[in-house]
Amino acid sequence: MSGLTRPICEVVLPWNGQTAFCRGREGGLIVFAWRGRPGGVPPGLATRRQLRAIGLRPNGQGAQALLWFRHRKPYRREELCDLFRVDLAAPVRPLNAARIFALDKAMAARRWCPQCQRDVGYCVPTSYKRCWTCFQANEMAEAC
C-alpha cells in the first residue's frame with residue numbers, strides 16, 4: 001500500500017448513529033475522502049468555505065470530522081481540512097459600522113509605505129516591505 005492511499009473502513013457516526021464508510025481516523029476524528037464512494041462525505045457535514053457559501057459559520061463547534069484530498073502540485077501531496085455539522089452552524093454575523101471602520105483602517109495601513117511615508121494607492125508587497133518606487137530607487141542605488 002502506498003503512502004497516498006487510505007484504507008476504507010466502516011464506522012458509526014457519533015452525531016446521528018448511522019453507519020458510513022470512511023478512510024480511517026486521524027487525531028481521533030473520522031477521515032472522509034473528497035470524492036468517490038465508498039468513503040465520501042455524508043450529508044450534513046461541510047467545510048468552512050461551504051458553510052460560508054450558504055451564509056453560515058461554525059458557531060464555536062470543533063471539527064466533527066476531516067476531509068482528505070490530494071493536490072496536483074508535487075510539494076502538497078495530500079491535505080486534511082475540518083468538517084463541521086451544518087445543523088449546529090449559526091448565521092453569519094452582519095457587519096456593523098465599527099467593523100467596517102476597522103477593516104478600512106487595516107486596508108489603509110497595508111497601502112502605507114514605511115520608507116517614503118505616503119499612501120501609494122495599492123497594497124505594499126510584503127516581500128519588498130516598501131512601495132515599487134522606493135524599491136526601484138534602492139535597486140538603482142545598489143547597482144551603481
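These numbers were taken from a predicted model, which means no experiment stands behind them. The residues of the chain are indexed from 1 along the displayed sequence.
- In this structure, L66 CG and R23 CZ are separated by 14.5 Å, a value rounded to the nearest 0.5 Å.
- Residues R93 and R99 have side chains in contact (heavy-atom distance under 4.5 Å, counting atoms from C-beta outward).
- The side chain to side chain donor-acceptor pair (under 3.5 Å) pairs that include a residue from residues 9-22 are N16-Q18, where partners are two or more places apart or lie in different chains.
- Between the side chain of Q136 and the main chain of C134, no donor-acceptor pair closer than 3.5 Å is present.
- For F101, the CZ atom sits in a loose shell: 12 or fewer heavy atoms of surrounding residues, nucleotides or ligands are nearer than 6.0 Å.
- With a 4.5 Å cut-off on side-chain heavy atoms, Q115 and N138 count as touching.
- Residues F84 and L80 are members of separate hydrophobic clusters, defined by side-chain heavy-atom contacts under 4.5 angstrom among Ile, Leu, Val, Met, Phe, Trp and Tyr.
- Considering only heavy atoms from C-beta on, F69 stays 4.5 Å or farther from E78 through its side chain.
- Between atom NZ of residue K105 and atom CE of residue M107 there is a gap of 15.0 Å, rounded to the nearest 0.5 Å.
- Listed here is the closest heavy atom pair of F32 and G40: CD2-O, 3.4 Å.
- Contact check for T133 versus C116: no side-chain heavy atoms found under the 4.5 Å cut-off.
- With contacts defined as side-chain heavy-atom distances shorter than 4.5 Å, the pair F21/C9 does not qualify.
- With contacts defined as side-chain heavy-atom distances shorter than 4.5 Å, the pair L56/V86 qualifies.
- The line from CG of L83 to CZ of R48 is 11.0 Å long, rounded to the nearest 0.5 Å.
- Contact annotation: the side chain of L51 never approaches that of R57 to less than 4.5 Å [non-hydrogen atoms, C-beta and beyond].
- Between D82 atom CG and L29 atom CG the span is 7.5 Å, to the nearest 0.5 Å.
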**Request:** Carefully, step by step, assess C131 and Y122 under the rule side chain to side chain contact (heavy atoms under 4.5 Å, CB included).
**Result:** CA-CA 9 Å; C131 68; Y122 57 88; 3.5 Å; yes
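- Rounding to the nearest 0.5 Å gives a distance of 7.0 Å between CH2 of W112 and CG of D119.
- Of the residues D104, L103, N96, the one that meets the side chain to side chain contact (heavy atoms under 4.5 Å, CB included) test with I100 is D104.
- For W132, the ring-ring contact (aromatic ring centres under 6.0 Å, His included) partners at least two apart in sequence or on another chain are Y128, F135.
- The nearest pair of heavy atoms linking C22 to I30 is CB-CG2, 3.5 Å.
- Annotation: the span from R52 atom CZ to T47 atom OG1 amounts to 12.5 Å, rounded to 0.5 Å.
- The shortest side-chain heavy-atom distance between K129 and V124 does not fall under the 4.5 Å cut-off.
- Listed here is the closest heavy atom pair of L45 and A65: CD1-CB, 4.2 Å.
- Closest non-hydrogen pair, A33 versus L67, comes out as O-CD1, 3.6 Å.
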